[in-house]
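Right, one structure below, let's go through it.
Counting starts at 1 for both ligands and their atoms, following the listed order. In this chain, residues are counted from 1 in sequence order. It should be emphasised that the depicted structure is a prediction, and the values quoted were computed from it without experimental measurement.
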Amino acid sequence: MSIDPASIAELAPPASLRIPAHIGVIMDGNGRWAKARGKRRTEGHIEGVKALRNLVELCINYGVANLTVFSFSSENWTRPKDEIVFIFNLLRRFVASDLQRLIRNNVQVRIIGSRDGLEPSLIRLIDDVEAKTAANTGLVLIVAFNYGGKAEIAEAARKLAREVAAGRLSPEAITEDRIAGALYTAGLPDPDLIIRTSGEQRISNFLLWQAAYAEFVFVEENWPDFNEDSFVRVLETFARRDRRFGGVEAVQS
Ligand code: FPP
């Protein structure tokens, strides 16, 4: 079978785009998307999962190496109980419907966040997904679930303090690298780009440590409406940014 070179060119990202090695996404606005259509909030979350599936494919096609999505924050526990149960079940359904496709697409899945408060069956599911995809070498999909940036840093501090108390680590050896290595994201590059949808312009406790030099792009559309056009526009905005990391010369990422 011969492959039409034109179709390959169509799949490849335009040369002018700079592809970030790590994108973080605050998927916001599912509830507003639903409300604007006279639907229940939960229907917005269902559409949100479709947009997430689409984004994973886009990241694979455009050559993004790492994607972190914020799917349940430690602050989301204040939502109505039935919505919390719905989002938890959505994670179960996402795994049931998408795991085989993720494996076929060579995606490695990591789920970061606190396991406290999660049902044992959900913890087993998370462990199982991570184990089944651990050897995959393509896109790393990091799902931040029951995640809070401050809680993550506090947990890392406790871990290092225990090492100090046990005499295995001196306080002077607590460097930035050592702290980074004690976070859930140990071994991953920091995000170059963080996208937030729905017009809100906040970090909301997402990847606080890791976002130190991330570029932020805020888009107006609600998460379920985020599509390839939105993605390309964000990448174009990112490509126009000078990243100086505190220095004076722009650095290519
Ligand atoms: C933000 O919209 C969305 C969430 C808190 C949940 C995000 C979840 C998904 C997109 C799907 C989950 C995916 C998995 C894999 C579990 P919002 O409810 O805050 O919207 P609003 O600000 O308009 O109310």
With no hydrogens and no angle check, do the side chains of N146 and W77 hold a donor and an acceptor under 3.5 Å apart?
yes
Does any non-hydrogen side-chain atom of T68 lie less than 4.5 Å from one of H22?
yes
Salt bridge or not for R233 and E221, using N-O below 4.0 Å?
yes
Show the distances, to 0.1 Å, for all pairs joining an N/O atom of ligand 1 and a protein N/O atom that are shorter than 3.5 Å, listing one pair per line.
residue: ligand 1; atom: 2 (O); partner: G29; partner atom: N; Å: 3.4
residue: ligand 1; atom: 2 (O); partner: N30; partner atom: N; Å: 3.2
residue: ligand 1; atom: 18 (O); partner: R41; partner atom: NH2; Å: 2.9
residue: ligand 1; atom: 18 (O); partner: R79; partner atom: NH1; Å: 2.8
residue: ligand 1; atom: 19 (O); partner: D28; partner atom: OD1; Å: 3.4
residue: ligand 1; atom: 19 (O); partner: R79; partner atom: NH2; Å: 2.8
residue: ligand 1; atom: 20 (O); partner: G29; partner atom: N; Å: 3.4
residue: ligand 1; atom: 20 (O); partner: N30; partner atom: N; Å: 3.1
residue: ligand 1; atom: 20 (O); partner: G31; partner atom: N; Å: 3.0
residue: ligand 1; atom: 22 (O); partner: D28; partner atom: OD1; Å: 3.1
residue: ligand 1; atom: 22 (O); partner: R32; partner atom: NH2; Å: 2.9
residue: ligand 1; atom: 23 (O); partner: G31; partner atom: N; Å: 3.3
residue: ligand 1; atom: 23 (O); partner: R32; partner atom: N; Å: 2.7
residue: ligand 1; atom: 23 (O); partner: R32; partner atom: NE; Å: 2.8
residue: ligand 1; atom: 24 (O); partner: R41; partner atom: NH1; Å: 2.9
residue: ligand 1; atom: 24 (O); partner: R41; partner atom: NH2; Å: 3.2

Relative to the ring of F206, is the ring of F70 parallel (under 30°), tilted (30 to 60°) or perpendicular (over 60°)?
parallel
Less than 3.5 Å apart, any donor N or O on the side chain of Y184 or Q210 sitting next to an acceptor on the other?
no
Nearest atoms (heavy-atom pairs only) where V64 meets L139
O-CD1, 3.3 Å
